[in-house]
Enquirer: 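Take a look at this one; I'll ask things after.
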Number of protein chains: 2
Amino acid sequence: MTPRSRQSNLPWLERKSSGNGQWSHELAESGGRISDLIAERIRTAVSDGILAPGSRLLSERELAQRLNASRESVREAYRSLEVAGLLVIRRGKEGGAFVREVDHEPITRSLSMLLRLGKTTHRELTEARLLIEPPIARLAARRATQSDIEAMGDLIDRHAAAIRGGDDPRKYDLQFHRAMAECAKNLPLTILMNSLADLMVEALSDVDIPLETRSRTVEFHRVVFDAIHKKDEERAFDLMQQHIGDVQKRLKKPWFHRKRTNHARARSKK
Amino acid sequence: MTPRSRQSNLPWLERKSSGNGQWSHELAESGGRISDLIAERIRTAVSDGILAPGSRLLSERELAQRLNASRESVREAYRSLEVAGLLVIRRGKEGGAFVREVDHEPITRSLSMLLRLGKTTHRELTEARLLIEPPIARLAARRATQSDIEAMGDLIDRHAAAIRGGDDPRKYDLQFHRAMAECAKNLPLTILMNSLADLMVEALSDVDIPLETRSRTVEFHRVVFDAIHKKDEERAFDLMQQHIGDVQKRLKKPWFHRKRTNHARARSKK
DNA sequence: CGATTTTTAAAGGTCAGACCATAACAGACC
DNA sequence: GGTCTGTTATGGTCTGACCTTTAAAAATCG
């Protein structure tokens, strides 16, 4: 007898009606994939708070048995939800599928990919940034906490150090914008910002940015940071608008345009 | 002899190095899932334009054979990319995986889900809308084409008809905002808008909107539409700001707040 | 000949069962 | 107490079979 054979009551995984143990009925609707039905139930359970972040789902084998489905169907459901950012899957003993702490990284990735494929132009990219970054800066000035501010300060210092040391500063540039978005305490805006910043970095990945521009960037960050620190909302707004406008202007110079070669893409990953 | 046994040269699916036919090397990095490696190659091929939208990938069985992997690994790769919005999968003869025409619907879904889980509050939601919808209206006024305008006009008429007929007008409300975003010709903003609008509809799904408010909404749409039609950018901007501000105000009335019951969620789907 | 029905085959979807790889844990051994 | 070493639960992969769906091809009918 396995130690966990007690009926641990998982009402959320029940079908709404017709308990005969077959799937056929719901399959008719929904374009018919068992794994999708399973995924949908889990999604609902999570979004209704029945499955809290961090909690562990049944193992593939066990859920399959309970649902009267094959392991593969369950597996596919879990996998989809992982791609969608809802679950994390860990291997090994004590592994399994866990409801993910809310984290927009997977969405940011998908969104970036989609925008890239959608042939999002530099025009759209900077246009969008021009519209959303200044308001974000304003919100950041309004809402940044002490620790937010410390983190940003550190970031800028490291950014400056990287430039002095001749290292690639793009990473820090990106992080600054992300950190600022974090301060604004507005999830939708944060996610969009992150995706845009990602793409921006990628778009510039094969451009050689002159040293003068690099230090100009970090100085810009510093004054924006200063405005945020002092909670000067309007100044933060104006400076950020200026900053993005500056970038936009530089992008228009012909020498700056991205080479249309079939170059290596920026591989994200850790 | 099967008719398609010719070596159809698919260089993109080759490993970069070491052609011995095993996966072990790349598996070491990358946290190790063959399906992820396959997915990554396809993703790269698509984003480099080697696989054009609409083109059909090899069948699961065939790709598995060529890659010396199991069908399941390929299948999982395809499935992940489908969730990510990169592929569509069709069943039946002449079915298979196709590179999707760029379409942000899957991302919109994921994003909405994520925002919902992130306990995005009404405050964040309307705040974000207040920031991005007016600029979108302005862009729409600048860039709407003739057919865009016709579509919007139709929509408004149907919206009004639905209200007169006592039908649920929410659908049309949503569609109006989507259509407007479409006019702005800015993909990142469009995607965000769509997600926000989706969430908004959902958040209001169990609120009973009084008739007076309903017609007010459609009238608002009409004047915004008018401004867009006449390419009056600033008026479109102002009106939209007013519109969202109006919504925001109504949301603050206590009777309007969503019941915190464990009610049924808005099921999207077709 | 053209429209309709039937057949067929190619593809994804599901299943079952085996085995591999990984990672935490429990003891055994120093 | 710390390190090694098996044990074991769990996801990852593979095989090969069968089901279901769907479009095209063939057969049938008017």
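All heavy atoms count here, side chains included; hydrogens, waters and symmetry mates do not. Below, chains carry the letters A, B, ... as their sequence lines are ordered, and counting in each starts from 1.
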Enquirer: For Ile34(A) and dT21(D), give me the distance from atom CD1 to atom C1', rounded to whole Å.
Expert: 14 Å
Enquirer: Think Arg33(B) has a side-chain N or O under 4.0 angstrom from the OP1 or OP2 of dG12(D)?
Expert: yes
Enquirer: Round to the nearest Å and state the distance from Ile89(A) atom CD1 to dA23(C) atom P.
Expert: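 Going from CD1 in Ile89(A) over to P in dA23(C) covers 15 Å.
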Enquirer: Reckon Ser59(B) has a side-chain N or O less than 4.0 Å from the OP1 or OP2 of dA10(C)?
Expert: no
Enquirer: Once you round it to whole Å, what is the distance between P of dT10(D) and CD of Glu82(A)?
Expert: 17 Å
Enquirer: Using 4.0 Å as the upper bound for N to carboxylate O, is an ion pair formed by Glu62(B) and Arg66(B)?
Expert: yes
Enquirer: Please check the phosphate of dT10(D) (OP1 and OP2 only) for any side-chain N or O of Arg56(A) closer than 4.0 Å.
Expert: yes
Enquirer: Taking the minimum atom-to-atom distance to the side chain of Ser70(B), which one of dT21(D), dT13(D), dC25(C) wins?
Expert: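 Shortest atom-to-atom distance from the side chain points to dT13(D).
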Enquirer: Identify which one of Ile38(A), Ile89(A), Val83(A) satisfies the side-chain contact (heavy atoms from CB on, under 4.5 Å) criterion when paired with Tyr78(A).
Expert: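 Answer after filtering Ile38(A), Ile89(A), Val83(A): Ile89(A).
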Enquirer: Quick check on dG13(C): is either OP1 or OP2 less than 4.0 Å from any side-chain nitrogen or oxygen of Ser35(A)?
Expert: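 For Ser35(A), the contact criterion (side-chain N or O under 4.0 Å from OP1 or OP2 of dG13(C)) is not met.
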Enquirer: Give Arg75(B) one of three labels, base, sugar-phosphate or nothing, depending on what nucleic acid heavy atoms sit under 4.0 Å from its own.
Expert: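 Contact class for Arg75(B): base.
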Enquirer: Select one nucleotide: of dA11(C), dT15(D), dC15(C), the one nearest the side-chain heavy atoms of Arg61(B).
Expert: dA11(C)
Enquirer: Can you check the Glu62(A) CD to dA9(D) C1' distance for me, whole Å?
Expert: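 That distance rounds to 11 Å.
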Enquirer: Which is true for Glu72(B) with a 4.0 Å heavy-atom rule: it touches a base, it touches only sugar-phosphate, or it touches nothing?
Expert: base
